[in-house]
Amino acid sequence: MSSETPNQEENESTGASLAKDVAGGAKSAPEDSAGAANPKVDGRELIRFDRVTKRFGDNVVLDDLEFRVDSGKHVTLIGPSGSGKTTILRLLMTLLKPDEGTITVGGEYLTHEEKNGKLVPAGEKHIREVRKNIGMVFQQFNLFPNMKVLRNITEAPVNVLGLSKEEADTRARDLLELVGLTEHMDKYPSQLSGGQQQRVAIARALAMRPQVLLLDEVTSALDPELVAGVLDVLRDIAHTTDITMLCVTHEMSFARDISDDVLMFNEGKVIESGSPDKMFNDPDHPRTREFLGAVL
Amino acid sequence: MTSALFTSWFLPGVWITIQITLLSALLALVVAFVVGLARTSEVWIVRFVAGCYFEVFRGTSALVLMLWLAFAFPLMFGWQFVPMASGIVALGLTYGAYGSEIVRGALQAVPPAQREAGIALSFTKMQRLRKIEIPQAWPEMIPPFNNLLIELLKGTALVSTIAVADMTFAANISRLASNESAPAYTLLLLSYFVIAFVLTRGMRLLERRAKAGVGQKPESSGWLRRRLKPGAANDFARSQGAGGLG
């Protein structure tokens with residue numbers, strides 16, 4: 001099923017409903033009481049960057065950055081390399097810490113805590129708690145080579161979320177079916193192709209049922225003929241679940257396909273944002289036009 | 001060497017040598033992991049203390065430490081080890097210090113991306129270490145551990161100086177009793193070699209197992225097998241394909 005893109009209108013097809021079940025809740029429908037009861041998936045602000053600055057030495061990668069992502073939205077970050085796109089994802093995943101400013105996820109400070117009315121750097125435990133809402137897929141897959149495919153997926157749900165082995169197994173099998181790799185679950189990552197590894201990595205991230213999925217150039221390390229399979233799986237997930245996606249990619253057609261918003265980065269700032277239609281067809285900023293002219 | 005000397009001194013000596021080797025290797029392994037992990041700690045005081053341990057025990061002689069434990073320690077603290085225990089402790093602590101460097105190096109060789117993947121899945125630091133970093137570092141530790149184990153085996157001859165009746169002690173006794181140096185020392189030399197060879201084979205097996213456990217193709221088992229079975233190198237891939245191994 002990974003080989004075909006499910007039609008958005010027909011999202012009751014088996015593939016689509018499967019993706020709903022396994023990838024964290026159905027698209028919020030009015031009658032979906034579970035979705036409505038959860039304020040985090042009702043389309044309100046989920047991620048906020050408040051005056052975030054990040055430097056590497058003298059190099060200012062993010063400069064006083066402000067932006068927000070609403071729950072359930074799919075946002076694509078585009079821009080030349082070195083413009084700070086990946087840094088945003090790494091900040092959200094707490095692989096980096098901001099030098100200035102704050103990041104909130106679902107109303108909670110990510111790397112800060114409020115103590116006696118003051119904002120202080122958060123402890124490891126607080127960060128871990130907030131981080132559980134965030135999943136990430138890396139450019140280089142980063143599967144654990146010492147675990148077989150199934151265990152790559154079940155390890156974190158069992159040890160971090162406290163699921164039973166059986167629950168985690170069921171969840172992992174469903175996800176492997178979603179990404180079309182059921183028959184490979186007893187293999188080691190080294191025995192899979194890059195595209196297969198990346199699909200396992202997607203399943204592994206989804207097994208934690210995160211609210212936000214961060215996709216960091218997930219097809220850049222793949223052979224060209226393997227890219228489509230991975231993108232199909234992601235389209236499937238984007239169209240059939242209400243997971244929030246933050247995506248750095250050079251696959252512009254994919255970005256156009258799944259995005260609600262496209263953010264153009266240049267030199268650590270968002271210089272323009274808008275719907276994919278607007279951004280790809282009629283951008284305002286000359287730098288955006290120049291960049292898209294070069295990559296499209 | 002008479003057969004009486006051989007059976008009543010040398011054979012028990014072999015057994016003592018093997019016991020000391022294995023027990024001090026076990027102690028060294030524990031020390032190596034504890035100190036090696038502590039040396040990668042983010043807490044500076046832990047790193048500092050572990051670093052001190054490493055420097056002190058690397059910089060002192062195992063022989064002198066053994067003599068100190070056997071003869072100075074009882075005078076200073078009014079309590080004494082069984083001689084064999086002094087030997088095991090001295091060897092274990094000294095070789096553990098060397099081993100800690102192996103543990104530290106192998107852990108640092110695990111790609112940072114693996115740590116990041118662990119963070120992205122919200123594992124705690126301990127979980128990352130236990131489930132991701134140590135299992136991946138382990139196969140890389142085995143070859144240098146093998147070297148160290150052989151060094152340790154040969155180092156056990158030092159216990160003969162504190163009157164533990166190991167192989168070397170027994171060979172000396174035989175030499176003095178029979179007044180024949182050549183057979184005693186030749187046998188001794190060969191005995192160390194045979195034990196070392198067996199240990200090396202065992203470690204190679206362990207290494208192959210460990211590599212299979214992280215999905216790596218193990219190195220071919222040697223020229224003989226390659227000669228006899230030209231396709232041997234592909235065995236692993238094939239058996240993996242059939243779901244046979246691992």
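Just so it is clear, the structure is predicted and the values come from calculations on it, not from any experiment. In what follows, every chain begins at residue 1, and chains take the letters A, B, ... in the order their sequences are listed.
Contact annotation for Arg204(A): both backbone and side-chain heavy atoms come within less than 4.5 Å of a heavy atom of chain B. For a residue to count as touching a neighbouring chain, one of its non-hydrogen atoms must lie under 4.5 Å from one of that chain's; by this rule Ile127(A) does not touch chain B. The contact between Leu95(A) and chain B is made entirely by side chain atoms (from C-beta outward), counting heavy-atom distances below 4.5 Å. Proximity to chain B involves both the backbone and the side chain of Phe144(A), based on heavy atoms less than 4.5 angstrom apart. For Glu129(A), no part sits under 4.5 Å from any heavy atom of chain B, backbone or side chain. Using a 4.5 Å cut-off between heavy atoms, Met208(A) contacts chain B through its side chain alone, with no backbone atom that close.
The CD atom of Glu155(A) lies 8.0 Å from the CD1 atom of Ile132(B); values are rounded to the nearest 0.5 Å. In this structure, CD on Gln140(A) lies 11.5 Å from CD on Gln114(B), to the nearest 0.5 angstrom.
Within 6.0 Å of NZ on Lys97(A) lie no more than 12 heavy atoms contributed by other residues, nucleotides or ligands. The 12-atom threshold is not exceeded at CD of Glu42(B), counting heavy atoms of other residues, nucleotides or ligands nearer than 6.0 Å.
Side chain of Gln127(B) to backbone of Asn159(A): a donor-acceptor contact under 3.5 angstrom is found.
The shortest non-hydrogen separation linking Phe123(B) to Arg131(A) is O-NH2, 4.4 Å. Closest non-hydrogen pair, Asn146(A) versus Gln136(B), comes out as OD1-NE2, 3.2 Å. Among all heavy-atom pairs drawn from Lys131(B) and Met147(A), the shortest one is O-CE, 3.3 Å.
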- Query: Could you walk me through whether Arg90(A) and Glu116(B) pass the side-chain contact (heavy atoms from CB on, under 4.5 Å) check?
  - Reply: CA-CA 10 Å; Arg90(A) 294 174 67 82; Glu116(B) 291 179 354; 2.6 Å; yes
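Counting only heavy atoms from C-beta outward, the side chains of Ile119(B) and Thr94(A) approach each other to under 4.5 Å.
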